[in-house]
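Each chain gets a letter, A, B and so on, in the order its sequence line appears, and its residues count up from 1.
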There are 2 protein chains.
Amino acid sequence: MGTTQLESVPEPKYWHLKTVLSEALDSEFSVGEILPNERELAARFGVARATLRQALEQLELEGRLQRRRGVGTTVAPPRMGVAVGTEQRVWPGVGEDAWQAVGCTLAAPPAAVAAALETPREQSVHIVRRSRVSHGQPVAAELLYVPQTSAPELSAIDASSEAARARVVLRELHRLELQGQDSAVELGSARADDARQLDRLPGAPVLVVTTRYFAEGRTAALSVATYRADTCRLTFGASGVEILHGQERQAS
Amino acid sequence: MGTTQLESVPEPKYWHLKTVLSEALDSEFSVGEILPNERELAARFGVARATLRQALEQLELEGRLQRRRGVGTTVAPPRMGVAVGTEQRVWPGVGEDAWQAVGCTLAAPPAAVAAALETPREQSVHIVRRSRVSHGQPVAAELLYVPQTSAPELSAIDASSEAARARVVLRELHRLELQGQDSAVELGSARADDARQLDRLPGAPVLVVTTRYFAEGRTAALSVATYRADTCRLTFGASGVEILHGQERQAS
DNA sequence: TAGTGGTCTAGACCACGCG
DNA sequence: GCGTGGTCTAGACCACTAC
C-alpha cells in the first residue's frame, strides 16, 4: 500500500481514499489479514482520522472490510450467498436450513404486523424468535408472527421451555397447506436485540426480509428477518450458486 | 419536537437522538415537511453538528428522511414497493414495467461478469444501460450484459442512436426462449455514473440486484441493477402489494 | 447572495478485547 | 493495562440550490 499524498481534486478525499484502499485490498492483502490501525492509516495518507473512517465505513458497507472494536480492521471474505426465496414454497423451518428456534412469546404484535396479518389489534399472536447460522456465523435474526388461529392447542404446554414452545408452534403451522408466499427486501438498521443476536453493534446495516405466508385463504404467518448486510448476499431462485462477489471484484 | 437536553446514558447520544427524532417524525411531522436545519437542530438538542448528522444519516438510511444539499432535510414518504422477481419468468424489458433504454455499447465486460456469462475474457459483449422510473422518480440504474451470441445481426445497424441500438439488442434477446432466471440482492454503494442516474451522491447506499437469465442451456444475459436503497422496497413474488412500511411504523 | 447540507480537521475521551 | 475501534466536540470551508 503506497504512501502517496492525496492531490487536490474536485472529488472528496474520502472517496479517493476508498478507491486507493480498495485497490490495495485487491492486490496487497488477503482475506483475514489485519490492516494497520486507523491512526496509523490516517497519518500515512495525511488525512484526519474521521476522514479515513469515512472511507473505511464505505468499504465495510460494501462487505470488503470487517471492523471490530478492541481487535482491529480485517479483510472480509466474499459475501456468502444465503437462499431466502426458493422455487418450491415451504413453511419456515422446513428443509435443510440452519434456522434455530430461540424462543417464543405470546404478545400483541406491532400495529403494522397486525395489519398485515389482518388480525384485530390487541389480539395476541405467537412471536417465535429464530436465529440463522451459515458457515459458522450468525447471519439472520427473525421474528415470526403466528396468529393463534394458525397454531391452536398451545395452551396445554406452556410449561415447556421457550425453545420447545417455538418448535411446537412451527409444528402446528406446518400442518396447514401452504398456498403461497411473497417477500420484500429493504435496507434497515439493526435494533439492539437483533444486533446482539447478529454479533454486531446496534444500528449496523441489515437487509430486512418480510415474508407473508398464505394458507387457508388468509395470511397465516408473517416473518420479519434481518440479515447482516455486510456478510450476506440474498439469493432468490436457484440457491446459493456463486454469481458475483461484488460489482467490480476480480474473478477468482 | 421537544427541546429537552439529553441525559448522560450509557447508550450513544446519536442513538438516543435518532429515537427521539424518529418519534417526533411520527407524531409532529407529515410527509414532505421540511425540518429545521442541522445547525439549529444540533443547538436545540445540545450536541455537536456531527453527532446530529450521525442520527440523521441513520434515519435517511432507514428511508425516513431525505436530505438534499442546498435545499434541506425533508420527511420521506413510505418506501415504494418495486417488483423485481415476479413468478412468471420474463426477459428484461417485457411487460408493463417502466424501464427505459438509455444507451448501448460494445465492450469487454468486467472479469466477474465474463465469468458469470461463461464467456471468454476479452470477448466483447453488448452492454445495455437502462433506467427505471417509478412514481415519477428514478429508482434503478441497470447494466445488462448480453453476449454477442445472444444477439447477433447487430453489425448492420450501428449507425442508429445508442438508445435505438439498445432496443434492438433487447428485441434480439427476446427471440430466445427463456428457461429460467435467478437473482441475488446485496448492499452496495452507488458508483459515480449510477449515482448521477439515480439523482443521488456517489456512495449513496443501493441495493444491487444481480440477475442471470438462462436460455439455450447457458447464461444468455446478466443484469446488474442498482436500486436506491433509501426509497425502494424490493418485492419478490406477488408484486407491489403494501406490506410493511418499516419495521416499527404506525399502520396508516 | 444567503442558506442548506457535505466535507474536513485536530483534538479528546470511552467501551471493548485481549494478554 | 494497553491498543483497538466507537463516540463526540467545536470549529472551518466547500458545493449546491433557490431566490
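A:Gln100 is linked by a side chain to side chain contact (heavy atoms under 4.5 Å, CB included) to nothing, counting only residues two or more places apart in sequence or in another chain. For A:Glu33, the salt bridge (Lys or Arg N to Asp or Glu O under 4.0 Å) criterion is met by no residue, not counting sequence neighbours. Remark: A:Glu23 pairs with A:Thr19 by the side chain to side chain contact (heavy atoms under 4.5 Å, CB included) rule, at least two apart or across chains. By the side chain to side chain contact (heavy atoms under 4.5 Å, CB included) test, B:Glu60 pairs with B:Arg67, B:Arg200, sequence neighbours left out. In terms of the side chain to side chain donor-acceptor pair (under 3.5 Å) criterion, residue partners of B:Thr211 (sequence neighbours excluded) are, by chain and number, B:Ser183. Not counting sequence neighbours, A:Gln66 has no partner by the side chain to side chain donor-acceptor pair (under 3.5 Å) test. Every residue two or more places apart in sequence or in another chain that forms a salt bridge (Lys or Arg N to Asp or Glu O under 4.0 Å) with A:Arg49 is listed here: A:Glu38. B:Glu40 is linked by a side chain to side chain donor-acceptor pair (under 3.5 Å) to B:Arg44, counting only residues two or more places apart in sequence or in another chain. The side chain to side chain donor-acceptor pair (under 3.5 Å) check on B:Gln197 picks up B:Arg129, with sequence neighbours excluded.
With a heavy-atom cut-off of 4.0 Å to chain B, the contacted part of DNA chain D has its first and last nucleotide at D:dT7 to D:dT17.
Between A:Tyr227 and A:Trp99, the ring planes lie perpendicular to each other; the angle is over 60°, past the 30° to 60° tilted range.
Between B:Asn37 and C:dT4 there is a side-chain polar atom (N or O) within less than 4.0 angstrom of OP1 or OP2.
DNA chain C is contacted by both B:Arg49 and A:Ala48; B:Arg49 maps to the nucleotide lying nearer its 5′ end (nearest heavy atom per residue).
In the helix from C:dT1-D:dA18 to C:dC18-D:dG1, the rotation axis of the first five pairs and that of the last five pairs differ in direction by 20°, rounded to 10 degrees.
Contact check of residues 65-73 of chain A against DNA chain C (heavy atom, cut-off under 4.0 Å) returns A:Arg69, A:Gly70, A:Val71.
Whole-Å rounding puts the B:Leu41 CG to C:dG3 P distance at 17 Å.
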